[in-house]
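Working notes for the structure below.
The chain is numbered in sequence order, starting from 1. One-based numbering, in listed order, for ligands and for the atoms of each.
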Amino acid sequence: MSNRTLACVFAHPDDDAYGAAGSVALHAAEPDFRFVLVHATLGEQGEIREGFPATRETLGAIRRGEDEAAWRALGRVPDRHEWLGFPDGGVADVPFTDVVDAVARILEEEQPAVVVTFGPDGVFGHPDHITIGAATDEAFARLRSEDGSGFQRLVHGVVPRSVFERWNRQRAELGLYTFDPTQTYHMRGVPDDQIRITVDCRDVTARIVAGLREHKSQLHVMSDDPTNSEQWERRVRREWYAIAWPEPEPGAPMLTDLFDGLP
Ligand SMILES: [Zn+2]
């Protein structure tokens with residue numbers, strides 16, 4: 001039987017709302033699809049926008065609730081959702097082997113066919129993103145030699161540089177601040193030739209945006225105009241992934257799904 005377990009390992013509640021939500025929605029109805037979601041932190045150090053009813057003490061629990069509501073709104077809740085409870089903004093300060101061990105414990109139990117995490121760019125250069133991505137890579141490398149159908153593919157969620165540059169130009173035209181990819185916390189892209197999987201999410205953009213909207217405490221961070229559904233739906237039409245393992249063959253065709261080409 002084919003293994004259709006997907007494990008997504010991210011840093012903060014809302015990384016997942018962009019990260020792989022389209023792929024989950026596209027597979028949601030398949031009976032053998034299993035969705036495992038791991039968050040390194042509760043996002044308790046996130047911004048609290050003016051007037052939002054949260055305090056520094058309550059924000060982590062609120063964001064956890066928002067994340068759970070987001071998957072309900074998308075229409076497919078995780079089969080297993082783990083919160084590792086590392087400090088928001090401080091994952092890089094945790095002994096690296098502790099982070100690797102925490103991820104590996106879950107992956108070993110789940111034997112996912114595909115693992116999604118951040119690449120070394122962290123999409124935003126966020127140290128939490130970069131650290132959880134590196135720890136997941138390390139856990140994957142430790143486990144992939146095990147017998148069985150797990151650990152067939154390790155991918156990094158990324159933005160192609162050409163798309164990043166187009167978005168940045170559009171931002172400049174709209175008078176919004178532009179991203180400087182040399183700066184931490186600014187979006188960045190990866191060279192287009194690193195993109196090995198492009199997923200067409202147009203059939204599920206409304207479901208992705210329904211999920212994004214549930215991250216109510218973070219809407220001001222996630223979008224310049226959270227009321228503009230059309231703009232959000234355009235932004236999430238595609239998901240792009242680089243394949244970290246196995247090393248892609250030069251000239252291999254672009255894949256169109258996380259499980260594309262797997263037995
Ligand atoms: Zn994040």
Side-chain angles (χ1 to χ4, degrees), residues 7-24 36-49 52 54 56 59-71 74 78 81-94 96 99-100 102-103 106 115-137 139 155-159 163-164 167 177 179-190 208-209 211-224 226 232 235-236 239-242 244:
C8 298
V9 187
F10 294 118
H12 311 112
D14 77 1
D15 296 340
D16 48 330
Y18 280 113
S23 288
V24 171
V36 177
L37 180 59
V38 181
H39 277 103
T41 84
L42 289 166
E44 70 275 8
Q45 295 298 327
E47 284 184 40
I48 303 172
R49 85 178 130 87
F52 189 84
R56 194 47 70 206
L59 185 65
I62 287 170
R63 292 190 68 184
R64 178 179 176 152
E66 288 174 346
D67 198 86
E68 290 164 355
W71 288 104
L74 178 135
H81 195 167
E82 293 275 351
W83 299 87
L84 302 181
F86 292 122
D88 185 16
V91 182
D93 302 326
V94 176
F96 186 65
V99 185
V100 176
V103 174
I106 298 161
V115 176
V116 175
T117 191
F118 287 108
D121 60 294
V123 183
F124 284 85
H126 194 308
D128 286 353
H129 293 191
I130 293 168
T131 304
I132 194 65
T136 303
D137 286 1
V155 308
H156 293 155
V158 290
V159 176
V163 173
F164 166 75
W167 286 351
Y177 76 89
F179 293 113
D180 172 357
T182 66
Q183 300 290 314
T184 304
Y185 310 120
H186 279 237
M187 192 190 276
R188 61 212 57 208
V190 302
I208 300 170
V209 172
L212 284 162
R213 289 199 173 291
E214 292 297 326
H215 291 272
K216 294 187 169 76
S217 71
Q218 302 301 307
L219 289 179
H220 62 300
V221 184
M222 297 167 78
S223 172
D224 297 300
W232 260 11
R235 279 289 149 85
V236 298
E239 284 173 1
W240 300 275
Y241 300 97

**Prompt:** Taking the inter-plane angle between the rings of H12 and H129 on a 0 to 90° scale, is it parallel (under 30°), tilted (30 to 60°) or perpendicular (over 60°)?
**Reply:**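 Because their plane-to-plane angle lies in the 30° to 60° range, the rings of H12 and H129 count as tilted.
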**Request:** Just give me the atom name: the N, O or S atom of D15 closest to the Zn ion (ligand 1).
**Result:**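 Of the nitrogen, oxygen and sulfur atoms in D15, the Zn ion (ligand 1) lies nearest to OD1.
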**Name of whichever N/O/S atom of H12 is nearest to the Zn ion (ligand 1)** =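 Of all N, O or S atoms in H12, the Zn ion (ligand 1) lies closest to ND1.
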**Asked** So R63 and L42, side chain to side chain contact (heavy atoms under 4.5 Å, CB included) or not? Walk me through it.
**Response** CA-CA 7 Å; R63 292 190 68 184; L42 289 166; 5.9 Å; no
**Request:** May I ask you to check if any N/O/S atom from H129 comes under 2.8 Å of the Zn ion (ligand 1)?
**Result:**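 It does: H129 brings an N, O or S atom closer than 2.8 Å to the Zn ion (ligand 1).
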**Prompt:** Ring centroid separation for H126 and Y185, is it under 6.0 angstrom?
**Reply:**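 Aromatic pair counts; centres sit under 6.0 Å.
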**Prompt:** How long is the span from the CD atom in E214 to the CG atom in D14, to the nearest 0.5 Å?
**Reply:**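 Reported to 0.5 Å precision, the distance equals 13.0 Å.
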